[in-house]
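Let me begin by presenting the structure, written as structure tokens, before commenting on it.
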Amino acid sequence: DITMNSSRVSTLSGKIDVASVKQGFIDLNSTSTGWKFDYQKTSEFGEIKLDKAIIDAITPGGGTINLQAGNQAGNISLQNGSNVVIQNQGFEPSGGININAAQTLEMITLNPQNNLSSNIRAESLLGSTGDISISTQHLISSEGQGIYSYALNASGGNIIINASESIRLESLSSNSITTAQIETASFGKGKAGNILVSTDDLTILNGSRISSVTRSQGNSGNVTVDAKSIEVNGVGSGFLASLISAGTLGEGNAGNLLINTDRLTISNGGRVDSSTAAQGNAGNVTINAKEFIEVNGTVPGSINPSLIISSANLLDELLRLS
């Protein structure tokens with residue numbers, strides 16, 4: 001097993017591979033782009049635990065991060081404000097983040113000293129970054145932890161998650177000021193990446209969200225969710241709704257939202273939407289449900305309903321100026 005406690009692994013332009021191997025061997029192969037780990041002779045993986053730790057490629061271009069904990073048994077845990085980060089500060093394209101946890105990937109608990117959350121994050125500042133690709137059985141993100149891809153002046157990477165059994169995004173209470181998120185966003189001219197999520201059971205609670213949003217000129221990405229059962233329930237602090245969304249708060253257009261499911265339940269103020277609150281256009285919302293779509297309830301203590309909507313929201317003039 002691998003444990004990083006209050007520590008850091010970093011590269012300026014290379015590749016970071018972290019693999020927990022309990023039985024077997026790792027081959028190191030030469031490729032046209034550098035060295036690559038080969039796990040074909042590995043029979044059992046262990047666990048990777050980050051506790052107040054950082055794995056980062058803050059790069060002028062070219063960084064890649066791979067975490068490997070599983071083909072049969074293996075967990076990856078980020079806790080107490082741990083981060084896995086790529087930030088491309090150069091003009092050449094950067095690599096992405098690839099995470100394979102055979103059983104569970106969890107992001108839990110804030111750092112008790114500074115309240116920083118545990119994140120997996122790729123940032124395209126000047127050059128583009130690669131995708132965040134995650135493969136696991138169970139993905140758990142709670143109380144402000146999240147997976148993010150941000151674009152400034154270059155296109156952001158996509159977030160691709162294949163959790164074969166379940167994804168659970170939750171704030172531990174509706175009064176929490178922090179929410180679990182899977183988000184791509186554009187803050188400049190670059191287009192936000194797409195989000196593609198595949199799982200059996202998707203649960204989004206207490207203001208948590210899956211969203212792609214633009215706050216500037218670049219368009220937001222498309223959001224695609226494939227799941228047998230989807231629950232979007234409740235709101236968080238400040239009446240922030242639990243949601244699946246593609247939206248715009250700027251000049252860029254919102255992407256489209258596509259949901260393929262057997263059962264979709266939206267309750268207690270939850271939302272599924274593509275919306276605009278600025279100059280950009282909202283996108284399309286398409287839902288294919290084999291069994292049922294259930295929309296019920298309101299925000300607790302309010303008349304605001306649970307919603308499926310594609311909308312243009314006219315904000316108060318003071319809010320638009322701010």
Side-chain angles (χ1 to χ4, degrees), residues 96 122 124 128-134 146-152 154-163 167 169 181-199 202-204 208-232 240-266 270-295 305-315:
S124 304
S128 61
T129 61
D131 298 337
I132 298 175
S133 297
I134 294 171
I147 302 168
Y148 305 96
S149 176
Y150 292 150
L152 187 59
S155 296
N158 302 316
I159 296 177
I160 304 165
I161 300 174
N162 182 5
I167 297 174
L169 308 178
Q181 299 184 41
I182 298 172
E183 180 180 79
T184 64
S186 172
F187 295 91
K189 298 178 181 179
K191 177 185 177 297
N194 300 320
I195 298 176
L196 299 95
V197 172
S198 177
T199 189
L202 172 61
T203 305
I204 303 173
S208 298
R209 59 185 58 203
I210 295 176
S211 64
S212 181
V213 64
T214 175
R215 301 175 185 273
S216 189
Q217 297 166 272
N219 294 334
S220 82
N222 298 320
V223 178
T224 301
V225 177
D226 292 301
K228 291 181 180 179
S229 176
I230 301 174
E231 178 186 3
V232 184
L240 291 174
S242 302
L243 61 82
I244 304 173
S245 175
T248 173
L249 300 171
E251 299 171 44
N253 296 325
N256 297 319
L257 172 60
L258 171 63
I259 295 176
N260 298 309
T261 186
D262 292 350
R263 303 172 296 278
L264 171 61
T265 303
I266 306 166
R271 293 174 63 102
V272 170
D273 73 20
S274 180
S275 61
T276 173
Q279 295 150 284
N281 297 318
N284 300 317
V285 176
T286 303
I287 301 173
N288 301 310
K290 292 180 180 179
E291 297 182 18
F292 66 79
I293 298 172
E294 179 182 346
V295 184
S306 306
L307 288 174
I308 298 173
I309 192 169
S310 177
S311 64
N313 303 310
L314 185 61
L315 298 181

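Treat the numbers as computed from the prediction; the structure is a model and nothing was measured.
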**Prompt:** Measuring from Glu294:CD to Glu231:CD, what's the distance to the nearest 0.5 Å?
**Reply:** 10.0 Å
**Complete:** Paired with Ser198, the side-chain contact (heavy atoms from CB on, under 4.5 Å) test is passed by just one of Ile161, Asn260, Asn162, Thr224, namely Asn162
**Item:** Asn256 backbone acceptor or donor facing Asn222 side chain under 3.5 Å
**Value:** yes
**Prompt:** Can you tell me if Thr248 uses its side chain to pair, donor with acceptor, with the backbone of Ser275 under 3.5 Å?
**Reply:** no
**Prompt:** Within the side chain of Ser149, is there an N or O that forms a donor-acceptor pair under 3.5 Å with the backbone of Gly157?
**Reply:** yes
**Request:** Please test Asp273 against Ser245 for side chain to side chain donor-acceptor pair (under 3.5 Å), starting from the C-alpha separation and ending with a verdict.
**Result:** CA-CA 5 Å; Asp273 73 20; Ser245 175; 2.5 Å; yes
**Request:** Please examine the side chains of Ser211 and Ile244, heavy atoms only from C-beta on, and report whether any two atoms are closer than 4.5 Å.
**Result:** no
**Ser208 versus Ser242, side-chain donor and acceptor atoms under 3.5 Å** = no
**Request:** Identify the two heavy atoms, one from Ala254 and one from Ala282, that lie closest to each other, and give their separation to 0.1 Å.
**Result:** CB-CA, 3.9 Å
**Request:** Kindly write out the residues that satisfy side-chain contact (heavy atoms from CB on, under 4.5 Å) with Leu196, not counting sequence neighbours, or none if the list is empty.
**Result:** Ile160, Asn194
**Message:** Are Val295 and Ile308 packed together at the side-chain level, in the sense that at least one heavy-atom pair is separated by less than 4.5 angstrom?
**Reply:** yes
**Fill in**
The reported gap from CZ in Phe187 to CD in Gln217 (rounded to nearest 0.5 angstrom) is 14.0 Å
**Asked** Are Val232 and Thr265 close enough that some pair of their side-chain heavy atoms sits under 4.5 Å apart?
**Response** no
**Asked** Checking side-chain contact (heavy atoms from CB on, under 4.5 Å) for the pair Leu257/Asn284: CA distance, chi angles, key distance, verdict?
**Response** CA-CA 6 Å; Leu257 172 60; Asn284 300 317; over 6 Å; no
**Item:** Beyond-backbone contact of Ile210 with Leu169, side-chain heavy atoms, under 4.5 angstrom
**Value:** yes
**Request:** Of all the heavy-atom pairs spanning Leu249 and Ala277, show the shortest one and how long it is.
**Result:** CD2-CB, 3.7 Å
**Ile293 side chain near Ile287 side chain, heavy-atom distance below 4.5 Å** = yes
**Request:** Kindly give the heavy-atom pair with the smallest separation between Ala151 and Lys191, and that separation in Å.
**Result:** CB-O, 3.6 Å
**Request:** Quick one: pull up CG in Leu202 and NZ in Lys228 and give me the separation to the nearest 0.5 Å.
**Result:** 14.0 Å
**With sequence neighbours excluded, residues passing side-chain contact (heavy atoms from CB on, under 4.5 Å) with Gln181** = Tyr148, Thr179, Glu183, Arg209
**Message:** Could you check whether any side-chain heavy atom of Asp226 comes within less than 4.5 Å of a side-chain heavy atom of Val197, counting everything from C-beta outward?
**Reply:** no
**Asked** Side chains of Ile159 and Asp131: closer than 4.5 Å at any heavy-atom pair?
**Response** no
**Message:** Once rounded to the nearest 0.5 Å, what's the spacing between atom CG of Asn253 and atom CG of Asn219?
**Reply:** 5.0 Å
**Prompt:** If you measure from CG on Leu264 to CD on Glu291, what distance do you get to the nearest 0.5 Å?
**Reply:** 12.0 Å
**Message:** With a 3.5 Å distance limit and no angle check, can you tell me whether Thr199 reaches the backbone of Ala163 through a side-chain donor-acceptor pair?
**Reply:** yes
**Side-chain (Ser274) to main-chain (Gly255) donor-acceptor, under 3.5 angstrom** = yes
**Prompt:** Would you say Thr184's side chain and Gly193's backbone share a donor-acceptor pair under 3.5 angstrom?
**Reply:** yes
**Asked** So, for Thr261 and Ala227, which heavy atoms are closest and what is the spacing to 0.1 Å?
**Response** OG1-O, 2.7 Å
**Item:** Ser124 side-chain N/O to Ser155 backbone N/O, donor-acceptor pair under 3.5 Å
**Value:** yes
**Request:** Applying side-chain contact (heavy atoms from CB on, under 4.5 Å) between Val272 and each of Ile259, Leu307, Ile309, report the one that passes.
**Result:** Ile259
**Item:** From CA spacing to verdict: side-chain contact (heavy atoms from CB on, under 4.5 Å), Ile230, Val225
**Value:** CA-CA 9 Å; Ile230 301 174; Val225 177; 3.9 Å; yes
**Message:** Tell me whether Ser216 contacts the main-chain N or O of Gly218 through its side chain, where contact means a donor paired with an acceptor under 3.5 Å.
**Reply:** no
